[in-house]
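Presented below is the structure to which this report refers.
Per chain, numbering begins at 1; letters A, B, ... match sequence-line order.
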Amino acid sequence: PHVGPVESKNEAAMSELVPEPRQKPVVPMKPMGINANLLGYIGIDTIIEQMRKKTMKTGFDFNIMVVGQSGLGKSTLVNTLFKSQVSRKSSGWNREEKIPKTVEIKAIGHVIEEGGVKMKLTVIDTPGFGDQINNENCWEPIEKYINEQYEKFLKEEVNIARKKRIPDTRVHCCLYFISPTGHSLRPLDLEFMKHLSKVVNIIPVIAKADTMTLEEKTEFKQRVRKELEVNGIEFYPQKEFDEDLEDKTENDKIRQESMPFAVVGSDKEYQVNGKRVLGRKTPWGIIEVENLTHCEFALLRDFVIRTHLQDLKEVTHNIHYETYRAKRLNDNGGLPPMTAETEENHESNL
Amino acid sequence: ISSPYQNEEKRNLSLGGHVGFDSLPDQLVSKSVTQGFSFNILCVGETGIGKSTLMNTLFNTTFETEEASHYESAVRLRPRTYDLQESNVHLKLTIVDAVGFGDQINKDERQVSPIVEYIDTQFENYLQEELKIRRSLFNYHDTRIHVCLYFITPTGHSLKSLDLVTMKKLDSKVNIIPIIAKADTISKSELHKFKIKIMSELVSNGVQIYQFPTDDEAVAEINSVMNAHLPFAVVGSTEEVKVGNKLVRARQYPWGVVQVENESHCDFVKLREMLIRVNMEDLREQTHTRHYELYRRCKLEEMGFKDTDPDSQPFSLQETYETKRKEFLGELQKKEEEMRQMFVNKVKETEAELKEKERELHEKFEHLKRIHQEEKRKVEEKRRELEEEMNAFNRRKVAVETLQSQSLQATSQQPLKKDKDKKNRSVITGNQSGVSLSSSKVMITKANVEPLNCNSWWHAIQCCSCLVKNATWREGFI
């Protein structure tokens with residue numbers, strides 16, 4: 001009965017930790033710079049595994065909103081992203097339904113599982129956006145919805161007897177679909193993004209990118225980036241939230257070169273070179289959705305799901321939500337309860 | 001807007017391919033790794049029972065070398081924070097010592113209350129941060145106690161009453177793991193009986209100690225096995241002894257070597273396994289979701305807040321916030337008024353002083369002016385007098401000169417008088433300006449003068465009929 005077997009079990013557990021090369025290395029095998037003259041192995045790094053087990057048990061919430069004029073392929077794209085019929089299109093919505101007269105908000109939730117990880121995914125669709133003749137203020141219902149979710153969360157948080165896990169319905173990510181005119185952004189696009197980039201993470205995407213040639217695409221992207229910059233629109237990943245140099249260089253590259261992603265969506269499969277791929281069949285060829293030479297769908301997918309999913313949630317929670325909360329408490333004259341110790345806090349809060 | 005949840009059917013969908021969100025736990029964990037973790041241990045036990053040594057052994061470092069004194073006047077809590085790192089993981093470890101516990105003669109309430117206070121203060125600090133308007137919880141250094149290691153003295157009989165009282169007070173505030181210290185002083189059979197006795201006493205006194213969680217299948221088995229071994233009988237040592245051909249941490253006695261990491265010698269390995277390698281995260285979570293929530297609930301209720309039903313206004317706290325805010329603003333205003341009053345008064349005072357000074361100065365000025373004028377007048381008078389005298393003198397001079405010229409014509413020339421003036425004490429010629437009258441002797445020198453009849457030259461001058469002789473002039477001065 002000895003330390004030996006226990007330790008090797010942990011090392012085996014640790015080997016599962018080493019993932020495929022990702023942007024941020026997680027836990028390497030060998031102990032590196034050890035502090036405070038440690039003589040042997042303690043086991044502090046097992047907390048990583050402990051934490052991961054716990055989170056896998058509780059599962060995750062993710063809420064994604066899609067905004068754009070009808071016919072831009074929003075529902076198809078979301079289905080392609082999550083490789084299943086998660087969108088409004090597939091849950092009883094009929095393509096022949098009339099376009100609504102005002103912007104409607106429709107949220108549809110599903111539970112999907114992969115690799116032992118359970119995710120409750122909610123797709124929030126906004127039919128009617130930008131489809132009217134007069135589109136003034138058509139972003140207001142959307143802004144209202146987003147704020148309502150923050151309000152709901154805040155109410156729960158402020159309760160005396162709180163739930164162990166507050167249900168998170170806040171919008172973590174908003175995909176804004178830009179029409180591939182090839183010219184520039186529309187006033188509606190600018191107005192929407194200006195208003196909403198302050199309350200939610202906006203990721204602009206160029207829809208139906210198969211209507212542009214490579215040169216047109218590059219030019220359009222440049223022009224769009226420029227216009228966004230000129231108008232002071234901070235889309236996700238926002239510059240001011242880069243945590244360290246590593247983040248900054250990584251995100252700079254994405255901000256300045258890849259975004260906005262020019263995407264094509266499809267939920268149909270075709271045979272190409274002996275493989276089944278998702279694609280769109282046209283008389284002049286098959287556009288492969290996941291082929292990087294055809295469109296940037298794979299980049300979008302990796303960005304949103306494989307590398308920045310958690311960050312999207314954290315920015316929503318730590319920044320957008322906190323901003324909402326601070327504003328709300330201030331507006332209502334809400335201050336923390338006064339005790340002897342909070343006198344100083346008051347000065348700083350005021 | 002249609003209710004966002006009218007369509008919510010939590011349908012389980014199957015995926016048509018690899019999406020990639022199975023990397024989510026890694027993304028989450030990666031973020032936590034960057035931010036670092038905190039873990040806070042509270043050690044409660046008599047002085048000298050081996051708390052520091054056990055910490056050193058658990059974490060394989062020497063945290064502290066000084067021994068605590070036995071003569072503390074009261075129980076005080078001493079937290080110390082260390083930065084540990086293993087692989088990529090940064091741990092901010094805080095070890096809190098209850099110094100002086102069990103040393104007092106009178107082991108009453110005052111032994112336990114400092115400990116309870118300390119735990120509550122950490123909760124309070126977190127609560128205050130959480131209630132702030134502008135807060136940064138993700139940056140916050142969590143100082144709440146995650147686990148309390150309670151060191152039981154290895155008497156072999158039963159728990160002391162102090163032990164029971166303390167643990168009872170702490171069990172709703174912190175995760176308690178009781179351990180039997182210095183387990184190498186008890187024999188195996190005694191130890192077994194001791195453990196049973198302790199556990200039954202804890203149960204019969206309703207003390208809730210921390211149970212290793214058995215809901216997660218991965219760890220359920222090992223945790224339930226360990227639960228049965230509580231309380232762990234531990235031995236701590238940082239000294240190394242050679243056993244066989246290896247160096248192990250042990251305590252060397254004449255009759256043998258107690259190996260710390262040998263599971264048949266003591267439960268150290270079990271403790272380390274449970275505390276660090278299996279349940280550290282659960283300890284943190286329990287502290288946050290159970291103990292902290294309980295504290296928060298009690299504290300807020302104590303302050304008079306109540307949860308209203310979900311349909312009503314957003315914050316149950318809102319009204320109280322409002323009144324508190326008004327109170328606070330009112331106080332601010334009052335203070336402002338007071339200060340303003342004070343300022344005004346001060347200004348008035350200073351003004352009065354200044355006025356007084358001004359008046360005084362003015363008076364002085366007037367006074368001086370008058371004096372000056374007085375002086376001026378006097379000087380003017382004297383000047384006039386002098387002028388008159390000068391005029392008188394000049395008239396006489398003219399008269400004398402006339403007489404002289406008349407007599408010159410009458411008599412022969414006399415030898416030129418030497419310039420006797422220079423022998424005289426002071427010489428002033430009447431024709432020069434700035435005549436000073438008082439001590440001057442006015443002299444008239446003339447080439448030719450006739451002898452006088454008068455005794456003095458002054459008389460000679462005044463006596464117009466006399467003429468001045470040389471001899472008289474020589475003798476002339478009184």
Under the 3.5 angstrom rule, does the side chain of [X] hit a backbone N or O of [Y] as a donor-acceptor pair?
{"X": "B:Q27", "Y": "A:Q310", "value": "yes"}
{"X": "B:E86", "Y": "A:G43", "value": "yes"}
{"X": "B:T289", "Y": "A:K164", "value": "no"}
{"X": "B:K31", "Y": "A:D311", "value": "no"}

field: Selection from B:R290, B:H288, B:E293, B:H90 maximising heavy-atom pairs under 4.5 Å formed with chain A
entry: B:E293
query: Taking everything shown except B:E239 itself, do over 12 heavy atoms lie less than 6.0 Å from its CD?
result: no
field: Heavy atoms of other groups near A:K54 NZ, more than 12 under 6.0 Å
entry: yes
So which heavy atom on [X] is nearest to which on [Y], and how close?
{"X": "B:G20", "Y": "A:I305", "result": "C-CG2, 3.8 Å"}
{"X": "B:R272", "Y": "A:I42", "result": "CD-O, 4.0 Å"}
{"X": "B:V19", "Y": "A:R301", "result": "O-CD, 3.8 Å"}
{"X": "B:R297", "Y": "A:I160", "result": "CG-CG2, 3.4 Å"}

- request: Using a cut-off of under 4.5 Å on heavy-atom pairs, state which of A:E156, A:E113, A:M56 scores highest against chain B.
  value: A:E113
task: Would you mind telling me which of A:K313, A:E269, A:E114 has the largest number of heavy-atom pairs within less than 4.5 Å of chain B?
output: A:E114
How many angstroms lie between [atom1] in [X] and [atom2] in [Y], if you round to the nearest 0.5 Å?
{"X": "A:T55", "Y": "B:L28", "atom1": "OG1", "atom2": "CG", "value": "5.5 Å"}
{"X": "B:D22", "Y": "A:K118", "atom1": "CG", "atom2": "NZ", "value": "15.0 Å"}
{"X": "A:N159", "Y": "B:L300", "atom1": "CG", "atom2": "CG", "value": "10.5 Å"}
{"X": "A:I47", "Y": "B:R277", "atom1": "CD1", "atom2": "CZ", "value": "14.0 Å"}
{"X": "A:I44", "Y": "B:I276", "atom1": "CD1", "atom2": "CD1", "value": "6.5 Å"}
{"X": "B:S32", "Y": "A:I48", "atom1": "OG", "atom2": "CD1", "value": "8.0 Å"}

- prompt: Partners of A:K57 by salt bridge (Lys or Arg N to Asp or Glu O under 4.0 Å), sequence neighbours excluded?
  reply: B:D215
- request: Enumerate by number any residue of residues 280-287 of chain B whose heavy atoms lie under 4.5 Å from heavy atoms of chain A; in the absence of such residues, state 'none'.
  value: B:M280, B:E281, B:D282, B:R284, B:E285
query: Of the backbone (N, CA, C, O) and the side chain (C-beta and beyond), which part of B:L137 lies under 4.5 Å from a heavy atom of chain A, both, or neither?
result: neither
Non-hydrogen atoms of chain B under 4.5 Å away: do they reach the side chain of [X], the backbone, both or neither?
{"X": "A:L81", "answer": "backbone"}
{"X": "A:M51", "answer": "both"}
{"X": "A:F60", "answer": "side chain"}

query: By side chain to side chain donor-acceptor pair (under 3.5 Å), which residues pair with B:R135, not counting sequence neighbours?
result: A:E157, A:E322
- prompt: Do B:L24 and A:F62 touch side chain to side chain, with heavy atoms closer than 4.5 Å?
  reply: no
message: Suppose we screen for ring pair (Phe, Tyr, Trp, His ring centres under 6.0 Å). Which residues come up paired with B:F37, at least two apart in sequence or across chains?
response: none
- request: May I have the step-by-step check of side chain to side chain contact (heavy atoms under 4.5 Å, CB included) for B:F21 and A:I112, ending in yes or no?
  value: CA-CA 10 Å; B:F21 61 86; A:I112 47 181; 3.6 Å; yes
